[in-house]
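The structure appears right after this line, and notes come after that.
Along the sequence shown, the residues carry numbers beginning at 1.
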Amino acid sequence: MVDVHDENLPAFPMPRRCPYAPPPEYESMRRQAPLVRVSFRDGPPIWLVTRHAEAQRVLTDRRISTDPTRPGHPFAAMVGTPQEQAGQFIDMDPPEHDVYRRMLAGEFSARRIRELGSFIERVVNERIDDMSKGREADLVESFSFPVATLVICQLLGVPYEDRAYFQSRTTRMIAGFFSTEEATCARKELWDYLDGLVTAAESSPGDDLIGRLALERRAAGELSHDALVGMVFLLLVAGHETTANMLSLGVFTLLQNPGLLAELRARPELWPDAVEELLRYHSIVDWVAFDRVALEDLEIGGQRVRAGEGLFVLGASANRDERAFADPDALDIHRGARHHLAFGYGIHRCLGQNLARAELEIGYRTLFERLPTLRVVGDVEELPFKYDRRTFGLYRLPVAW
């Protein structure tokens, strides 16, 4: 066991510098050790978990907490009000986390996603119909965000016509790597907007997730008003930004790999594996959703982690770990990459993962089938990637066909 606590520490590495790989420091740290201690902002040092096996260990060990109110958590200084924390089960440990998760399990079951399949297909085709009225478009604005937003709005019961309002607030909330006064204001505005939707659903529930939870759980006294608002808040923010970014990134990446794209057109049964590999390859939500704190002294990867010390799992590093993925920097749709950590791991694995997979597979396949001459317009080197955002993606992707 190695006890590393008093040396001069490197700084937390960020952000990305190219669209195809995580920060280069990740590889050097991964070679150095499965856990590397670094300085983090103005607070105490934290551990970065760099390798796949140790990442799985950290994300499943019940002696390691995701609760940001616990002392030593990397984001302990940025905990919101009790109202803002209500229903945010991503930041809860069992058994509280499990109660909320079970309430939503049926809404994101494989059966429910299959039922949504025809709706997703209709949304995708309608967006392509609209795009096809011209010869060029910004794929982000015309396809990726509308598809992801329409689907999550349909599922939750959020009016799609309000998208400009909630997307602008979401954008301001995650515009930087850490919370700012502007982000706090945007969060409050989005909370107030969703509070109004939940209040309306409590008096007149519709046939959607908000309505069903208001009717069944609120009426039974199992869910507070603020907790329901918090659950919807979490699902809305997480449910459209990430999928929209992956839609654009995946299209861009496949257009840069015409051989792979030709194979997928010839063998559409490979699309599910291609989706998994694209998720692994880009790992667009890297460390933000993987923050933890040790509740007791532990040994992980040969390092002593003391109670009260913070940890970040570097998802993009774990997904490039050669111990888990042969030739990890290559895009290989045949590798069978479903054990990637793009959706997390363990009890906090993304609840909407099957919905995201369905949107990505239907979106990619249909777009390339219907627009076989699709291509990027302009200089690829000048494309505006989201190097400054918590969730990686593209601000714009000009395409023609």
Side-chain angles (χ1 to χ4, degrees), residues 104 107-108 112-131 137-175 190 193-194 208-210 232-254 271 274-276 278-279 282-285 288-289 342-343 350-368 370-371 374 384-386 389-397 399:
L104 293 168
E107 300 289 345
F108 292 92
R112 177 65 175 135
I113 302 309
R114 285 195 298 271
E115 292 172 351
L116 279 171
S118 59
F119 176 77
I120 297 171
E121 289 179 352
R122 185 167 77 250
V123 167
V124 167
N125 277 295
E126 286 174 351
R127 296 315 307 167
I128 296 173
D129 288 343
D130 196 52
M131 285 173 55
D138 172 11
L139 195 80
V140 174
E141 180 182 8
S142 300
F143 181 78
S144 302
F145 264 92
V147 167
T149 304
L150 275 160
V151 171
I152 198 64
C153 284
Q154 171 76 7
L155 180 66
L156 297 181
V158 174
Y160 179 69
E161 56 268 24
D162 293 344
R163 64 192 180 282
Y165 184 88
F166 67 73
Q167 284 180 354
S168 68
R169 273 63 185 175
T170 300
T171 297
R172 285 159 50 197
M173 282 170 51
I174 61 176
L190 182 57
Y193 164 74
L194 294 174
D208 46 53
L209 185 147
I210 296 176
V232 177
F233 183 102
L234 176 62
L235 295 172
L236 178 63
V237 173
H240 76 280
E241 176 86 17
T242 50
T243 303
N245 284 339
M246 270 307 304
L247 279 167
S248 297
L249 278 174
V251 170
F252 165 75
T253 303
L254 291 171
W271 274 114
V275 167
E276 301 299 335
L278 287 166
L279 287 162
H282 284 295
S283 301
I284 63 170
V285 180
V288 177
F343 290 119
C350 176
L351 184 67
Q353 59 181 302
N354 290 327
L355 177 62
R357 287 187 174 105
E359 292 179 72
L360 294 174
E361 182 180 343
I362 293 170
Y364 295 147
R365 173 174 45 78
T366 309
L367 187 68
F368 285 118
R370 293 198 52 194
L371 301 177
L374 190 71
F385 289 92
K386 295 181 178 179
R389 297 287 291 274
R390 298 186 197 182
T391 304
F392 188 60
L394 277 154
Y395 284 107
R396 296 182 306 279
L397 181 58
V399 294

Which residues satisfy the side-chain hydrogen bond (donor to acceptor under 3.5 Å, both in side chains) test with [X], sequence neighbours excluded?
X	answer
Thr149	Gln167
Arg114	none
Thr253	His282

Measuring only between side-chain heavy atoms, which start at C-beta, is [X] closer than 4.5 Å to [Y]?
X	Y	answer
Arg127	Leu367	no
Val237	Leu190	yes
Leu236	Thr170	no
Leu374	Phe368	yes
Phe252	Val399	no
Leu371	Met131	yes
Phe343	Thr242	no
Leu360	Leu278	no

So Met246 and Ile284, side chain to side chain contact (heavy atoms under 4.5 Å, CB included) or not? Walk me through it. CA-CA 8 Å; Met246 270 307 304; Ile284 63 170; 3.7 Å; yes
Spacing of [X] atom [atom1] and [Y] atom [atom2] [to the nearest 0.5 Å]:
X	Y	atom1	atom2	result
Leu150	Arg163	CG	CZ	7.5 Å
Leu104	Leu235	CG	CG	5.5 Å
Asp129	Arg122	CG	CZ	12.5 Å
Ile120	Leu116	CD1	CG	5.5 Å
Ser144	Leu397	OG	CG	7.5 Å

Test log, rule side chain to side chain contact (heavy atoms under 4.5 Å, CB included), inputs Arg112 and Leu155: CA-CA 10 Å; Arg112 177 65 175 135; Leu155 180 66; 3.9 Å; yes
Quick one: ring-ring contact (aromatic ring centres under 6.0 Å, His included) pairs with a partner in residues 140-172, sequence neighbours left out?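 Non-adjacent pairs meeting ring-ring contact (aromatic ring centres under 6.0 Å, His included): Tyr165-Tyr193, Phe166-His240.
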Minimum-distance pair of heavy atoms, taken over all atoms of [X] and [Y]:
X	Y	result
Ala148	Ala244	CB-N, 3.8 Å
Ile113	Ala358	CG2-CB, 3.8 Å
Leu247	Gly363	CD2-CA, 4.3 Å
Leu209	Phe108	CD1-CE1, 4.1 Å
Tyr395	Asp138	O-OD2, 4.3 Å

Can you pull the salt bridge (Lys or Arg N to Asp or Glu O under 4.0 Å) pairs that have at least one residue in residues 351-360, sequence neighbours excluded?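 Every salt bridge (Lys or Arg N to Asp or Glu O under 4.0 Å) pair that includes a residue of residues 351-360, provided the two are not neighbours, is Glu276-Arg357.
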Pairwise salt bridge (Lys or Arg N to Asp or Glu O under 4.0 Å) hits with a residue in residues 148-159, at least two apart: none
Step-by-step side chain to side chain contact (heavy atoms under 4.5 Å, CB included) determination, Asp208 to Val158: CA-CA 9 Å; Asp208 46 53; Val158 174; over 6 Å; no
Is Arg390 salt-bridged to Glu241, cutoff N-O under 4.0 Å? no
Can you check side chain to side chain contact (heavy atoms under 4.5 Å, CB included) on Arg389 and Asn245, steps first, answer last? CA-CA 11 Å; Arg389 297 287 291 274; Asn245 284 339; over 6 Å; no
